[in-house]
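Hydrogens, waters and symmetry mates play no part in the numbers below; they use all other heavy atoms, side chains included. First the proteins, then the strands, lettered A, B, ... as listed; each starts at 1.
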Amino acid sequence: MPWSRFDSNYTAPTGGRRITYCEALREGIDQAMGNDQRVFAIGLDADDKFGVFGSMSNLSFPERVLGTPISENAMTGVALGAALSGLRPIHVHLRVDFMLTAMDQIVNYVAKWQDMFDHQVKVPLVIRAIVGRGWGCGAQHSQTLHGWFAHIPGLKVVTPATPYDAKGLLLSAVADDSPVLFLEHRWLYKNTGDVPEAIYTLPLGKANVLHRGERLTVVASSLAAIHALTAIEAHGLDVDLIDPRTIKPLDLDTIVASVQRTGKLCVVDYDFPFGGFGAEVCAAVTERAFASLQTPPTRIQFPDRGMPSSGVLERAYYQTPDRLAAAFGALIEGAPVARDLIGAGA
Amino acid sequence: MPWSRFDSNYTAPTGGRRITYCEALREGIDQAMGNDQRVFAIGLDADDKFGVFGSMSNLSFPERVLGTPISENAMTGVALGAALSGLRPIHVHLRVDFMLTAMDQIVNYVAKWQDMFDHQVKVPLVIRAIVGRGWGCGAQHSQTLHGWFAHIPGLKVVTPATPYDAKGLLLSAVADDSPVLFLEHRWLYKNTGDVPEAIYTLPLGKANVLHRGERLTVVASSLAAIHALTAIEAHGLDVDLIDPRTIKPLDLDTIVASVQRTGKLCVVDYDFPFGGFGAEVCAAVTERAFASLQTPPTRIQFPDRGMPSSGVLERAYYQTPDRLAAAFGALIEGAPVARDLIGAGA
Amino acid sequence: MERPRTIRRDDGLWLLQRMRLIRQASERIARLYPTDVMETPVHLCIGQEAVAVGVCRHLTDADKLFLGHRTHGPALAKGLPLPKLMAELYGRSTGCSHAFGGSMHLIDLEHGLPGSSAIVGGSIALGVGAGLASKLAGADFVGVSWFGDAATNAGVFHESLNFAALQRLPVLFVCEDNGYSNVMPKSAHAAFDIPSLADEYMTTMTADGTDVLAVHEQAGEALAQIRSGGGPVFLHCPTKRWMKHQGHERCDIVGNGIDEQRDCPIRKLERVLLDTHLCGAGELEQVRLSVEQQIDAAIAFAESSPFPTPAQLEVV
Amino acid sequence: MERPRTIRRDDGLWLLQRMRLIRQASERIARLYPTDVMETPVHLCIGQEAVAVGVCRHLTDADKLFLGHRTHGPALAKGLPLPKLMAELYGRSTGCSHAFGGSMHLIDLEHGLPGSSAIVGGSIALGVGAGLASKLAGADFVGVSWFGDAATNAGVFHESLNFAALQRLPVLFVCEDNGYSNVMPKSAHAAFDIPSLADEYMTTMTADGTDVLAVHEQAGEALAQIRSGGGPVFLHCPTKRWMKHQGHERCDIVGNGIDEQRDCPIRKLERVLLDTHLCGAGELEQVRLSVEQQIDAAIAFAESSPFPTPAQLEVV
Ligand SMILES: Cc1ncc(C[n+]2csc(CCOP(=O)(O)OP(=O)(O)O)c2C)c(N)n1
Ligand SMILES: Cc1ncc(C[n+]2csc(CCOP(=O)(O)OP(=O)(O)O)c2C)c(N)n1
Ligand SMILES: [Mg+2]
Ligand SMILES: [Mg+2]
């Protein structure tokens, strides 16, 4: 099988080749297609010269890259039908918000197909989408929704934070025989990092510890993980920072072990506040590590409303490393966290 | 305004007229339409002689009851457009699963419209759907999803458990100037209870305490609330049972006050286990009542997979009052809860 | 201008056997259904057998068929063994979907049935995906999207036809038009004429869906065009639903206008077989009896099969 | 067979003024855009002004117009005051959406613009809802659904047309067909002919979308039919997009074949006004200048308006 000859390497190398998150994705897609000719890519503007913010430009197998009409729902069904007929599609969306037109296919079809037939069939389907704020695009072009998708049984949800993770997780997602949603934050695209040229995979369901510390466990994924790391490093905070890498399956073991050591948990979740990923981590950790908790777990999330357009509001809607540092500091000291650091909706 | 002349009465009367949940809904809809001629009903099979499992049969204003093609997505947009043009639509779905074809409209349009325009407009739109298991219908005809919808800012989510609540909350939902999802469990339709003939409303965001007790707080809504009540009454358990009535807005104050008294929390949530309503209640209560908690909050939910068809499996997928009683008993005694009582996915 | 009604004997017998299999199995299900041995909804296709059987005669096991909720007929026509269907309806582990799917979710990978769906419309896109897979892989199988008249209401219908046509995919769209969406007549759910709309996207053919020879002939033409690289074809088959939308009862919708003598696809075919002396009356009766035996055996199999256990709910 | 090009003077001047307002405001936005004073995407409609203006001349404030992402033209044509548009683009509290919407989400309840949406296709259904509201309330306003050629790819397009036709609703569908979905030409996104498909559901008319008099005339006929209870009408307006899909630059797509002299709707109208002696050259220049002053004033208003404060994120 083409997928068995990968290196697996769970820690980011250093001192190697530095490329952007976007280039890492592009390379992962290109190598996936080179490695297995059943892999193809499909999506609105997948084949145009801008190539989904550059993540699909100049691929080596253009005959396996298909543009589509504005028909996201049927296109998801087409990808599923192709996956059930022996291929391994990567379906791509310029924005996760557009995927909402395809929820019947994603929730009723893609997520359920294996359960409905007692896993007699494989559904090797990757759905990529860019998430998060753009440039004053407003409430319909800025959602993240990773926790929302994870609520639905049958969907794996992957949220790479670094270029290394982007490539390794993308290759794992394509190698997986079940549906995987792959959510890439728009604001990570230009970040750089060390990425091996060789083909490699990172396991789905294994967290990455981005920083070691003793006084607080912070769980954060995607852009939030990068902001949290910046905050911790800039202020020299004694914090354990865990990026779960995949929202589902969720590596609770790593998180629980950390909380058992630090006694405190904060989840930074760039997403809507009700339910979702933040609530799941807090609830699950409390279930499993209640005796270790010195203070109640804290969630830092978006306000409970759609993203506004004006830059002034858009910047306030998201956290910044500085505001995160202030919140972590307060939690470490056992001081109350200012309301605007938690998100107005919490 | 037609909506200001209602009685408000937050406790169910006793000894009055007993009707079914279904009849209570029908009466509420009929009275809403009689009270305000801007109210109309629309939906697939809304106008047929079976009238959405009987909840819409023989309405008094058939000219304001419209059947539709299988076009749930556009029909949601039609309802929204009508709401923005001065009417007050009730859009109905025979199953919540069919609403998944309309998620673009529900999440990107209906939920966002007021936020995008800084609440200059009213969106008096009620979306009703029947949720939960049917008769071996399988994974695409049995979802509940209340916590999933509540994750999206801009949507209120109402889950009536009793005939009294069904009518009172329905009338409140129609009177509300923002979008309300109204989710009715299929297995409650034949339950009976006391329901006043007069028009009355119940506030959205105010919980109902179904049973008073001191040793455990149970939060459960819709069918789960009825199962929990049956369990508590049959076994004489010393439990505070809170039905939030509306998943969003959520009456956390009532729940927190109870947990501060009992020291223990169990959420029975007939829905998928990751994130969602159960996680939100546990996380939020832990945030606010950490010092009062003697044991970690517990969630009882579905297994983390789609509903199977065979009756044998369908019955195991849901809890029963007996199994709930066993779980509550264990929690009260501080004993571990058997794994199959929590749902295989937890 | 009546065409001469002829058929090869092997084709004719196959068509008859499969139609009888579907009809008699459906009648048996209807008889058993009130006893609640089958805890799952059933959408029977009595009266519509000609469509399933006429089309499937031309399909190979490699061709991929995607169905909606009205599954039994086309699934059996495609090759799903009857015992696996019955066991599925009985909620037993030996069912084609291991009791996880029920009546609306049938699968048979061996015979090119990768699953079916109960959300109206969506599976149309899956057949297109199969066509795309065939084209990209340079394979020669065909994707088949199977749906009713009211599935044409759904947006995914339009999106699927458009994409199949843009990409000239090897896809056969089969619209089993029984004129109703549950109790709603076509005039209330579609403002357009179905074949005329379909013709805006692709080659469209119509065949009388109560006449298996007509369906067989048109489907043959359609598939020949598709297999020779001519792009997708839409096959519209007006037919009649004798039963209620769901369940075991005959339908009583006023004006349904069904004449069980005149409209019966099985009687129509039998008449041709007799008239053209391809079969004698005894042989026809033999077909009926042998199908009845198959049904007895399938039910016995289902009844003696084990139920799944709750432990199977464990997440994989 | 060229028709005589005539127009009433008041209509002609209105059409000219509104087209100039849209054009000159768009050119000004394009000039300012690289300075980042507007933190929001802009989808300009330079070259397409005739469609917005020709249709909106026939609409009242009671008629409800629902737009997609390419909003500025039709919103201004419908009556949105320019200062409120500019302030919105500048992210100020005085914007029509109080800085919460940005370029793609404009609203003006006074002038029958209950909002616009950036998810392609969906707003088509909202116009149908307005038509339904009108019918149910016994009112006489019309719902207008406004969209581009590629919005016809989306399933909601088909569903919306079908429902409007089934219910014979007072709805005008306006398809502003610039032949492109971003950089994808129509041949790659639609396998069907748009007006021919629309005609399967309802009366369909076509008008040259670079010729405001043609649009004005057809839209007048369409709305007369709708207002007299004749049901929905589809108005197809082929036109040309001069700019990139988004942003401030001219488009360089090969074969776009735009001739800014020949294809300019403003020049075309000015020529008729001059040829028919309805206006003199001086008066035309006066229109241009007065629009330029309006723009200066609108920008000054926007620039001097306050930003919203983060406290406004508090959930209501
Ligand atoms: C999206 C969706 N909406 C509604 C339903 C409920 N439903 C099941 S079958 C059906 C009628 C389908 O009619 P048609 O497509 O003509 O197929 P037929 O039943 O006549 O074979 C409806 C409305 C559904 N399953 N899915
Ligand atoms: C559902 C959805 N998919 C994709 C997009 C991205 N998108 C925005 S505008 C556009 C092109 C629309 O073309 P058309 O409808 O012809 O309008 P035009 O831009 O030409 O005015 C696309 C693909 C979107 N906004 N919504
Ligand atoms: Mg039908
Ligand atoms: Mg266009």
Side-chain angles (χ1 to χ4, degrees), chain B residues 33 36-44 61 63-89 91 101-125 153-154 177-178 248-249, chain D residues 62-64 66 93 95-102 104-109 112-139 141 143 145 154-164 166-167 169 171 308 312-313 315-316:
Chain B
M33 295 180 75
D36 183 345
Q37 57 180 11
R38 296 170 304 178
V39 177
F40 74 101
I42 182 167
L44 185 81
F61 308 92
E63 69 284 4
R64 279 188 267 140
V65 181
L66 282 85
T68 74
I70 306 179
S71 305
E72 287 87 352
N73 191 37
M75 292 308 108
T76 308
V78 165
L80 173 59
L84 293 169
S85 303
L87 298 193
R88 306 183 78 87
H91 188 199
T101 61
M103 293 310 287
D104 177 36
Q105 287 291 340
I106 294 171
V107 176
N108 282 329
Y109 283 74
V110 170
K112 304 278 187 292
W113 210 262
Q114 292 187 291
D115 279 349
M116 291 197 303
F117 305 108
D118 194 26
H119 292 251
Q120 293 178 64
V121 276
K122 294 178 179 175
V123 180
L125 168 57
D177 284 331
S178 295
K248 201 170 181 186
Chain D
D63 296 326
K64 310 244 173 320
F66 286 94
S93 289
C96 60
S97 309
H98 303 177
F100 282 76
M104 302 190 287
H105 303 298
L106 306 180
I107 191 166
D108 183 354
L109 295 174
L113 187 70
S116 63
S117 162
I119 303 292
V120 171
S123 45
I124 302 175
L126 274 60
V128 177
L132 179 64
S134 177
K135 180 181 167 185
L136 286 177
F141 64 84
S145 295
V156 68
F157 165 78
H158 162 73
E159 294 182 356
S160 299
L161 265 62
N162 186 37
F163 187 71
L166 280 169
Q167 296 276 342
L169 299 180
V171 178
Q312 286 178 257
L313 286 180
V315 177
V316 214

For [X], which atoms come within 4.5 Å of any heavy atom of chain B: side chain, backbone, both, or neither?
X        : result
D:Phe157 : neither
D:Ile119 : both
D:Ser134 : neither

Do you know which of [options] has the most heavy-atom pairs with chain B at a distance under 4.5 angstrom?
options                                : result
D:Leu106, D:Ile107, D:Val156, D:Asn162 : D:Ile107
D:Pro114, D:Gly101, D:Gly121           : D:Pro114
D:Gly115, D:Ala164, D:Gly112           : D:Gly115
D:Leu136, D:Leu169, D:Leu109, D:Ile124 : D:Leu136

*Check the angle between the aromatic planes of B:Trp113 and D:Phe66 and answer parallel, tilted or perpendicular using the 30° and 60° thresholds.*
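Answer is tilted, since the angle falls between 30° and 60°.
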Rounded at 0.5 Å granularity, tell me how far [atom1] in [X] sits from [atom2] in [Y].
X        : Y        : atom1 : atom2 : value
B:Asn73  : D:Ser160 : CG    : OG    : 8.0 Å
B:Ser71  : D:Leu161 : OG    : CG    : 11.0 Å
D:Glu159 : B:Thr76  : CD    : OG1   : 9.0 Å
B:Asn108 : D:Ser117 : CG    : OG    : 7.0 Å
B:Met116 : D:Met104 : CE    : CE    : 9.5 Å
B:Leu66  : D:Phe163 : CG    : CZ    : 5.5 Å

Checking heavy atoms, do the side chain of [X], its backbone, both or neither come under 4.5 Å from chain D?
X        : answer
B:Gln120 : both
B:Glu63  : backbone
B:Phe117 : both

_Close side-chain approach of B:Pro69 and D:Leu166, heavy atoms under 4.5 Å_ =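 A side-chain contact under 4.5 Å exists here.
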*Within a strict 4.5 Å, meaning less than it, do heavy atoms of the B:Ile42 and D:Leu132 side chains meet?*
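Heavy-atom side-chain distance check passes, below 4.5 Å.
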_Nearest heavy-atom neighbours spanning D:Ala125 and B:Ala74_ =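 Shortest heavy-atom separation between D:Ala125 and B:Ala74 comes out as CB-O, 3.5 Å.
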*Taking all heavy atoms of D:Ser97 and all of B:Asp118, pick out the closest pair and write down the distance.*
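Reported closest heavy-atom pair: O-CB, 3.9 Å.
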*Out of B:Leu84, B:Val78, B:Thr68, which one racks up the most heavy-atom pairs below 4.5 Å with chain D?*
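Ranked by contacts with chain D, first place is B:Val78.
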*Evaluate whether atom NZ of D:Lys135 has more than 12 neighbouring non-hydrogen atoms of other residues, nucleotides or ligands under 6.0 angstrom away.*
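Above 12, so yes.
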